[in-house]
J.: 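I have a structure I would like to understand better, so I am pasting it below and will then ask my questions one at a time.
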Amino acid sequence: MIVAYGFANLLQSVAAARTTVHHTFDPGLLLRLAGHRTYLVGLVFQIGGFVLAFLARRDLPLFLVQASVAAGLGVTAILGVLVLKWRLPAAEVVLLALLFAGITALVLSARPAPSRQLGTAGSIALLVALGVIAVLGFFAVRLHGAPGSVALGSLAGLAFSSAAVAARPLASAPSAEAFLADPLLYLLIAHSIVGQLLLGLAMQRGSTTAAVAAMDAAGAVPAAIVGLLLLNDKIWPGREWLAAVGFLVTLASVIGLTRYAEPQQHRPVNAPRRLGGRQPARLTPGVAAPTAQASTGLRRLTTRS
């Protein structure tokens, strides 16, 4: 699951960076992104990760599953080093080690247990949340720069968090008929589509670090709280401290990785002078030119639920 999301992060970020920036809450963005083969391959990995996460939510608490989904960013960093020859700063190595330690602590503290059902009130609450997120997204898309990145990233995280809450009891459906008839299935799909749209919009804007950090926090923290309070998520007795430390370390490591994932601007060693009043061609961020210095970070990375 973590590996699948790591591949999805890397491939979809490349496609989003090549798509025209949208300033409206337009679902057509998803169709334009689908026109990129790279995005489609990333989407296949995302769907694979989603299926594995869905199956894991049948018995595992949301604080473990959501933290594992966010940890896909660590896999993306490793892939960047192996495939795209990124340089890995010492601080990023430390953060990857802390990420592994945090996930290990969560695995040791999580106690498998079937989910408690949300009921009609829970389904209505998720439906209201969907409407609120969509309305806020309609206005947040008009923001530019860092405020827009944070707002859209947070809303995308809330949408994916709501999808995770719907998936936890839905995964325990006793039969295929009950699964298809459960309103939670359609709420899960709706939240995922809205979250994916908000994600695409956030990936296109500046301050990617702020956007991803906001998304990770908004995607992991609310789901973990709802799971513990309402969905029968369990922690082994005496290991509550280990779960709390593991969750905080994992989330802090992911947010820290987004900070070091911000790419450096590539600049040619010997920049050509202006000729005929024309500016020299700019280098595309995240793509190294023969005369450019090597990048030390990632480009527009994201995590999903």
Side-chain angles (χ1 to χ4, degrees), residues 1-2 5 49-73 99 102-130 132-133 154-174 179 182-192 194-195 214-255 303-305:
M1 174 181 65
I2 297 176
Y5 276 115
F50 174 83
V51 171
L52 293 174
F54 180 83
L55 296 175
R57 292 184 184 107
R58 179 182 179 89
D59 295 307
L60 296 179
L62 289 179
F63 66 79
L64 171 59
V65 179
Q66 295 309 105
S68 298
V69 169
L73 181 63
L99 181 62
I103 292 295
T104 301
L106 290 175
V107 170
L108 294 175
S109 61
R111 179 180 177 182
S115 174
R116 184 183 297 119
Q117 294 301 309
L118 280 174
T120 303
S123 297
I124 293 175
L126 287 174
L127 180 60
V128 172
L130 177 64
V132 172
I133 292 172
S154 298
L155 291 173
L158 289 175
F160 290 130
S161 182
S162 299
V165 170
R168 174 84 162 107
L170 181 63
S172 301
F179 178 83
D182 197 324
L184 291 177
L185 171 62
Y186 306 99
L187 286 169
L188 184 154
I189 294 173
H191 274 286
S192 297
V194 171
M215 179 179 296
D216 288 332
V221 176
I225 294 174
V226 172
L228 289 170
L229 295 179
L230 302 177
L231 298 179
N232 197 41
D233 286 2
K234 298 291 187 180
I235 301 173
W236 288 108
R239 299 183 185 177
E240 292 81 3
W241 67 271
L242 185 61
V245 171
F247 186 82
L248 292 176
V249 168
T250 299
L251 190 59
S253 300
V254 170
I255 294 175
T303 55
R304 302 163 192 78
S305 173

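This is a predicted model, so every value here is computed, not measured.
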J.: So, for Ser192 and Phe50, which heavy atoms are closest and what is the spacing to 0.1 Å?
T.: OG-CE1, 4.3 Å

J.: Would you please test Leu242 and Ile235 for side chain to side chain contact (heavy atoms under 4.5 Å, CB included) and show each step?
T.: CA-CA 9 Å; Leu242 185 61; Ile235 301 173; over 6 Å; no

J.: Quick one: does Ser161's side chain have a donor or acceptor within less than 3.5 Å of a partner on Gly157's backbone?
T.: no

J.: With rounding to the nearest 0.5 angstrom, report the OG1 to CG distance, Thr250 to Leu64.
T.: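 One gets 9.0 Å once the value is rounded to the nearest 0.5 Å.
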
J.: Show me the pairs that pass salt bridge (Lys or Arg N to Asp or Glu O under 4.0 Å) and involve residues 234-253, at least two apart or across chains.
T.: none

J.: Do you know the tightest heavy-atom contact between Ala220 and Leu251?
T.: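 Nearest heavy atoms, Ala220 then Leu251: CB-CD1, 4.4 Å.
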
J.: Taking all non-hydrogen atoms of both residues into account, name the closest pair between Ser123 and Leu184 and its distance.
T.: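 Shortest heavy-atom separation between Ser123 and Leu184 comes out as OG-CD2, 3.8 Å.
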
J.: Looking only at heavy atoms, what is the nearest atom pair of Gln66 and Arg57, with distance?
T.: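 Reported closest heavy-atom pair: OE1-NH2, 2.8 Å.
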
J.: Quick check for you: to the nearest 0.5 Å, what is the distance between Leu60 atom CG and Ser115 atom OG?
T.: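 Reported value, rounded in 0.5 Å steps: 12.0 Å.
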
J.: How about Leu228 and Pro61: do any of their side-chain heavy atoms sit closer than 4.5 Å?
T.: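 Result no, sub-4.5 Å side-chain heavy-atom pair not found.
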
J.: Might you work through the side chain to side chain contact (heavy atoms under 4.5 Å, CB included) test for Ser253 and Val249, ending with a clear yes or no?
T.: CA-CA 6 Å; Ser253 300; Val249 168; 4.0 Å; yes

J.: Roughly how far, to the nearest 0.5 Å, is CD of Gln117 from CG of Leu170?
T.: 8.5 Å

J.: Tell me the closest heavy-atom pair linking Pro169 and Ala166, and the distance in Å.
T.: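 The answer is CD-O, 3.5 Å.
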
J.: Walk me through whether Trp236 and Leu108 qualify under side chain to side chain contact (heavy atoms under 4.5 Å, CB included).
T.: CA-CA 8 Å; Trp236 288 108; Leu108 294 175; over 6 Å; no

J.: Give, for atom CG of Leu52 and atom CE of Met1, the distance between the pair rounded to the nearest 0.5 Å.
T.: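 Answer rounded to 0.5 Å: 7.5 Å.
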
J.: So, the side chain of Arg168 versus the backbone of Arg58: is there a donor-acceptor pair under 3.5 Å, distance only?
T.: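 A pair under 3.5 Å: yes.
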
J.: Looking at His191 and Leu126, would you say the former's side chain and the latter's main chain have a donor-acceptor pair under 3.5 Å?
T.: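 The answer is yes, because a donor-acceptor pair under 3.5 Å joins these two groups.
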
J.: Nearest 0.5 angstrom please: Leu187 CG to Leu118 CG, how far?
T.: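 Leu187 atom CG to Leu118 atom CG measures 9.5 Å (nearest 0.5 Å).
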
J.: Is the backbone of Leu62 close enough, under 3.5 Å, to the side chain of Asp233 for a donor and an acceptor to pair up by distance?
T.: yes

J.: Minimum heavy-atom separation for Val194 to Ile133, with atom names?
T.: CG1-CG2, 4.1 Å

